[in-house]
Amino acid sequence: MENDTHVMPRIGDDAPVFKAMTTRGEINFPDDYQGKWIILFSHPGDFTPVCTTEFITFGSMAEEFEKLNCQLVGLSIGGLYSHIAWLRTIQEKIDYKGMKNITICFPLIDDIGMNVAKAYGMLQPGESRTQAVRAVFFIDPEGTIRTILYYPMTLGRNFEEMKRILIGLQTIDHFGVALPADWQPGDEVIAPIPASMEKAEERVNDESEGIKCYEWFLCTKPLPLEKINKALRK
């Protein structure tokens, strides 16, 4: 396989630019979504079981992501008419875990030529040479890649985790904090590390803002869910 199928953008890189046809018309990516967060995700194929459960789940959560100023964009190495037929089948015929009549309002890219999949390193020859793995790219409003997830073809993604990551990245940017292991919105956050001996001494003795120090370099403080929701949700 050509080497360009292995190329993968890295965290901190600009999102590769492309123009493509989708189930919602032509898009210029990421320029059409300036000012928004983007979750670009790939799936192996239309009319496949794992992918169908994923699209139903994403479709049912689309409004939640929209309220977080986030545009969903899907991709598979398939043609536009196959995409349309599959999405119509999801809407008209499938009831999965109580989710039914799901309309997929976000664009699904026609990438039958594999150009976008190659640009984003979505082809993993050990899995398949003709189908994309389950890649997820979180792209910020400036077009910078902030998080990348890769799943094998047979393992469905955790969509609550994707939502947590999005809220986490937005919280980091808006409040200038870091987030500890297993953080959930509303949990304590990590205060910035002091940059001098003097500030480190001040920090461990600081009882304002509910700061709790485990050591001078590890201090947490409250960040209530209500404050996060007010800052992040449209």
Side-chain angles (χ1 to χ4, degrees), residues 15 18 20-25 27 29-30 32-33 36-112 116-117 120-122 124 127-128 131-141 145-170 184-185 232-234:
F18 63 85
M21 286 302 301
T22 79
T23 52
R24 294 287 164 175
I27 62 171
F29 190 94
D32 285 350
Y33 308 112
K36 288 181 174 286
W37 286 79
I38 308 168
I39 295 179
L40 172 66
F41 66 99
S42 58
H43 68 281
D46 303 340
F47 295 100
T48 54
V50 178
C51 299
T52 298
T53 64
E54 289 192 327
F55 264 73
I56 290 172
T57 305
F58 240 154
S60 71
M61 296 176 67
E63 187 174 342
E64 297 177 52
F65 285 97
E66 184 177 340
K67 288 178 180 177
L68 290 165
N69 191 36
C70 179
Q71 173 67 52
L72 306 175
V73 180
L75 174 147
S76 77
I77 299 170
L80 185 61
Y81 298 125
S82 173
H83 289 350
I84 292 171
W86 180 47
L87 298 186
R88 284 176 59 86
T89 299
I90 287 174
Q91 181 182 15
E92 296 171 1
K93 298 182 178 181
I94 298 179
D95 180 346
Y96 174 70
K97 292 187 174 180
M99 295 178 284
K100 59 183 179 180
N101 303 319
I102 299 295
T103 300
I104 305 300
C105 295
F106 55 83
L108 175 52
I109 295 168
D110 172 349
D111 194 35
I112 201 164
V116 180
Y120 278 82
M122 294 169 172
Q124 304 284 319
E127 280 282 287
S128 173
Q131 293 181 309
V133 295
R134 301 182 194 282
V136 188
F137 291 84
F138 293 77
I139 301 166
D140 70 19
I145 295 171
R146 298 290 297 277
T147 299
I148 302 170
L149 302 175
Y150 270 74
Y151 291 70
M153 295 169 65
T154 51
L155 177 62
R157 286 165 276 215
N158 185 315
F159 287 78
E160 286 299 328
E161 171 64 0
M162 283 194 271
K163 183 179 173 183
R164 187 191 78 94
I165 290 171
L166 176 65
I167 294 172
L169 292 170
Q170 293 179 344
Q184 293 291 334
L232 304 186
R233 292 182 179 274
K234 295 169 59 177

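The figures here come from the full heavy-atom set of this structure, side chains too, leaving out hydrogens, waters and symmetry mates.
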Are any of the side-chain heavy atoms of [X] and [Y] separated by less than 4.5 Å?
X	Y	value
Arg24	Phe106	no
Leu40	Val136	no
Arg157	Thr53	no
Leu232	Ile167	yes
Glu127	Pro152	yes
Phe29	Ile109	no
Tyr96	Ile102	no
Met162	Met61	no

Would the number of heavy atoms belonging to other residues, nucleotides or ligands and lying under 6.0 Å from CZ of Phe47 be above 12?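 Counting neighbours around CZ of Phe47, more than 12 heavy atoms of other residues, nucleotides or ligands fall under 6.0 Å, so yes.
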For the CD atom on Glu92, are there more than 12 heavy atoms of other groups (residues, nucleotides or ligands in this structure) within a distance under 6.0 Å?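 It does: Glu92 CD has more than 12 such atoms within range.
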Measure from the ring center of Phe65 to the ring center of Phe58 and say whether it is less than 6.0 Å.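 Yes: the rings meet the under 6.0 Å criterion.
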Rounded to the nearest 0.5 Å, how far apart are [atom1] of [X] and [atom2] of [Y]?
X	Y	atom1	atom2	value
Arg146	Phe138	CZ	CZ	11.5 Å
Met21	Ile27	CE	CD1	9.5 Å
Ile94	Lys100	CD1	NZ	13.5 Å
Cys105	Glu66	SG	CD	8.5 Å
Leu166	Asn69	CG	CG	9.0 Å
Leu87	Ile56	CG	CD1	10.5 Å

Donor on one side chain, acceptor on other, Thr52 and Trp86, under 3.5 Å: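 Trp86 and Thr52 do have a side-chain donor-acceptor pair below 3.5 Å.
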Exercise: identify the closest heavy-atom pair between Ala135 and Met122: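 Shortest heavy-atom separation between Ala135 and Met122 comes out as CB-CG, 4.0 Å.
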If every non-hydrogen atom of Pro107 is compared with every non-hydrogen atom of Thr22, which pair is closest and at what distance?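 Smallest heavy-atom distance, with atoms named: CB-OG1, 3.4 Å.
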Indicate yes or no for a side-chain donor-acceptor contact from [X] to the backbone of [Y] under 3.5 Å, with no hydrogens or angles considered.
X	Y	result
Arg134	Ser42	no
Ser82	Gly78	no
Glu54	Gly156	no
Gln170	Leu68	yes
Asp46	Thr48	no
Gln91	Ile104	no
Asp111	Ile77	no
Thr23	Leu108	yes
His43	Leu75	yes

Kindly determine whether Asp140 and Trp37 satisfy side-chain contact (heavy atoms from CB on, under 4.5 Å), including the steps that lead there. CA-CA 5 Å; Asp140 70 19; Trp37 286 79; 3.7 Å; yes
In sequence, state the C-alpha distance, the side-chain angles, and the governing distance for Leu149 and Phe137, and then conclude on side-chain contact (heavy atoms from CB on, under 4.5 Å). CA-CA 7 Å; Leu149 302 175; Phe137 291 84; over 6 Å; no
Apply side-chain contact (heavy atoms from CB on, under 4.5 Å) to Cys70 and Ile38, showing your working. CA-CA 5 Å; Cys70 179; Ile38 308 168; 5.9 Å; no
Run the salt-bridge test on Glu161 and Arg164 with the 4.0 Å N-O cut-off and return the result as yes or no.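 Arg164 and Glu161: salt-bridged.
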Who pairs with His83 by ring pair (Phe, Tyr, Trp, His ring centres under 6.0 Å), at least two apart in sequence or on another chain?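 With sequence neighbours excluded, His83 shows a ring pair (Phe, Tyr, Trp, His ring centres under 6.0 Å) to no residue whatsoever.
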Please work out which of the three classes, parallel, tilted or perpendicular, describes the rings of Phe55 and Phe41, given edges at 30° and 60°.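 Tilted, since the angle between the ring planes falls between 30° and 60°.
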